[in-house]
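Data block below; observations after.
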Protein chains: 2
Amino acid sequence: MSGPYVYEYPHPAATVDIAIFTVRDDSLRILLIRRANPPFQGVWALPGGFVGIDESLKHAAWRELREETGINAAYLEQFYTFGHPKRDPRERIITVAYFALLPSDKLDVEAGSDAQRADWFNVDELPELAFDHPKIISRALSRLDEKVVHSSAVFQLLPKTFTLPELQRVTELIRRESVDRRNFRKRMLSQGLIEATGELARRGAHRPAKLYRARVSA
Amino acid sequence: MSGPYVYEYPHPAATVDIAIFTVRDDSLRILLIRRANPPFQGVWALPGGFVGIDESLKHAAWRELREETGINAAYLEQFYTFGHPKRDPRERIITVAYFALLPSDKLDVEAGSDAQRADWFNVDELPELAFDHPKIISRALSRLDEKVVHSSAVFQLLPKTFTLPELQRVTELIRRESVDRRNFRKRMLSQGLIEATGELARRGAHRPAKLYRARVSA
DNA sequence: GCAAAAGTGTTCTAGGTACACCCATGT
DNA sequence: ACATGGGTGTACCTAGAACACTTTTGC
């Protein structure tokens with residue numbers, strides 16, 4: 001399995017890039033890695049890599065996710081493919097972009113341990129980014145917003161059990177607008193997507209919040 | 001610009017495929033072409049082709065659209081990328097799928113003239129299809145459904161002016177469910193997306209319908 | 001005048017929004 | 001006791017759903 005590989009016509013390279021989101025320190029965060037090699041050496045970028053010639057796109061995305069976070073259970077969804085001819089200075093590279101949602105309590109040491117190599121950035125305070133990654137992230141964020149409105153994907157960003165204020169906060173971080181607490185509760189509880197565990201979360205000098213879990217969809 | 005092209009690592013090929021929709025003879029139709037060469041010679045398939053090495057994905061999609069229909073004005077949107085390693089028996093091919101919406105009155109002779117080569121198929125009566133094109137079409141249809149609910153893309157399937165019953169019919173063909181005429185009218189007119197032209201459409205032995213046009217979004 | 005499709009209004013229901021006070025805890 | 005954040009209910013409004021008769025035309 002080593003080159004050279006010869007084709008009659010020029011072929012682009014294919015990669016996957018992953019926007020891995022989580023909620024941490026009261027902000028929506030995305031995992032970025034510092035590029036070890038040119039081009040854009042030392043610049044922050046989305047985790048990603050080449051698609052194996054016999055590897056499905058989703059498999060490549062899972063593999064990258066595992067390599068960067070140590071996690072192999074997460075919500076993973078393809079959202080767009082970027083293929084501008086000059087988006088990579090080396091050669092023509094088409095990248096299939098995925099986003100992944102990680103529960104805040106599953107953050108692996110691997111990613112957090114070496115902030116020189118990988119770090120979780122607040123989506124509102126992004127550093128300079130390699131390639132067309134600002135565009136990719138911006139599209140990932142708007143897709144995430146749609147997801148939160150029209151599906152139950154938010155739960156993927158929370159631990160198995162969570163409180164309603166936590167759920168509301170995550171929603172607000174993504175939607176970028178705040179909602180009335182009573183209306184939020186009413187809506188959530190009437191939709192039947194969550195159920196109380198019966199436990200309480202004692203988290204400070206105030207009344208404890210009830211814990212809920214996402215109901216497995218029928 | 002001729003081979004051979006040599007790479008250190010194996011590269012997939014990249015194509016675009018387009019699901020081109022229109023409404024015709026009271027049905028939602030998709031343009032298919034009969035494959036002239038192996039694999040799947042003689043079998044119906046989505047129009048599509050290889051992405052030029054210096055060509056953007058969207059440009060490739062426009063080019064294919066133009067080549068197959070003669071049209072170069074239409075609603076065109078990328079919706080998913082298919083990359084299963086075995087989806088093409090020849091080599092690894094990753095295809096970026098687009099859908100296009102054509103107004104019923106702009107159908108070009110090119111596509112209609114030679115039914116041996118290209119034809120408009122009712123989406124409910126599709127022939128046997130090459131590759132993973134059934135999967136691509138199925139995904140295109142569900143995306144189209146979402147579009148119709150959440151955006152004003154439907155207008156792209158209609159002539160510049162149209163009647164409310166026509167608009168309703170197109171919506172019903174895509175959504176696959178019928179709605180009450182009065183409620184449909186009320187909703188459309190209250191949204192302010194259409195405006196009356198003042199003209200009437202005399203189309204048979206019955207009361208003529210008012211013509212409307214889509215309002216350019218503010 | 002008859003068949004065929006277009007046009008039109010009201011009532012009911014459900015979901016969304018606005019809004020303010022009491023409750024359980026830690027210190 | 002007090003500061004902090006969690007929990008709760010009502011009134012209003014808007015959008016969607018159900019529903020039947022009249023109008024205009026071509027033949």
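These values consider heavy atoms only, across backbone and side chains, with no hydrogens, waters or symmetry-generated copies.
Taking every heavy atom of residues 148-159 of chain A and every atom of DNA chain C, no pair lies under 4.0 Å.
By the 4.5 Å heavy-atom criterion applied to side chains, B:Leu32 and B:Leu126 are counted as neighbours.
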Per-nt protein contacts along nucleotides 19-27 of chain D (heavy atom under 4.0 Å; B base, S backbone sugar-phosphate only, - none) come out as BB--BBBS-
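Applying the salt bridge (Lys or Arg N to Asp or Glu O under 4.0 Å) rule to A:Arg182 yields the partners A:Asp180; only residues at least two apart in sequence or on another chain are considered. Annotation: ring-ring contact (aromatic ring centres under 6.0 Å, His included) contacts of B:Tyr212 (sequence neighbours excluded): none. Listed by chain and residue number, nothing satisfies the ring-ring contact (aromatic ring centres under 6.0 Å, His included) test with A:Phe50 (two or more places apart in sequence, or in another chain). Under the rule for a side-chain hydrogen bond (donor to acceptor under 3.5 Å, both in side chains), the partners of B:Asp145 that lie at least two apart in sequence or sit in another chain are B:Arg175. Every residue two or more places apart in sequence or in another chain was checked for a side-chain hydrogen bond (donor to acceptor under 3.5 Å, both in side chains) with B:Ser178, and none qualifies. Here A:Arg185 pairs with nothing under the salt bridge (Lys or Arg N to Asp or Glu O under 4.0 Å) rule; sequence neighbours left out.
Atoms CD (A:Gln168) and P (D:dT8) sit 14 Å apart, rounded to a whole Å. Atom CG in A:Leu164 sits roughly 14 Å away from atom C1' in D:dG5 (whole-Å rounding). If you take CZ of B:Arg185 and P of D:dA18, they are 19 Å apart, rounded to a whole angstrom. Atom CE in A:Met188 sits roughly 16 Å away from atom P in D:dT8 (whole-Å rounding).
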Show me, pair by pair, the donor-acceptor contacts under 3.5 angstrom made by side chains of residues 149-159 of chain B, not counting sequence neighbours?
| from | atom 1 | to | atom 2 | distance (Å) |
| --- | --- | --- | --- | --- |
| B:Ser151 | OG | B:Lys147 | O | 2.9 |
| B:Ser151 | OG | B:Ala153 | N | 3.1 |

Donor-acceptor pairs under 3.5 Å, side chain of residues 13-20 of chain B to any protein atom, not counting sequence neighbours: which ones?
| from | atom 1 | to | atom 2 | distance (Å) |
| --- | --- | --- | --- | --- |
| B:Thr15 | OG1 | B:Thr95 | OG1 | 2.7 |
| B:Asp17 | OD2 | B:Thr95 | OG1 | 2.8 |

Please output the side-chain donor-acceptor pairs of residues 187-197 of chain A that fall under 3.5 Å, not counting sequence neighbours, one pair per line with the distance.
| from | atom 1 | to | atom 2 | distance (Å) |
| --- | --- | --- | --- | --- |
| A:Ser190 | OG | A:Lys186 | O | 3.2 |
| A:Ser190 | OG | A:Arg187 | O | 3.0 |
| A:Glu195 | OE2 | A:Arg213 | NH1 | 3.2 |
| A:Thr197 | OG1 | A:Glu199 | N | 3.0 |
| A:Thr197 | OG1 | A:Leu211 | O | 3.4 |

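Of all nucleotides in DNA chain C having an atom under 4.0 Å from a heavy atom of chain B, the first and last in 5' to 3' order are C:dA3 to C:dT10.
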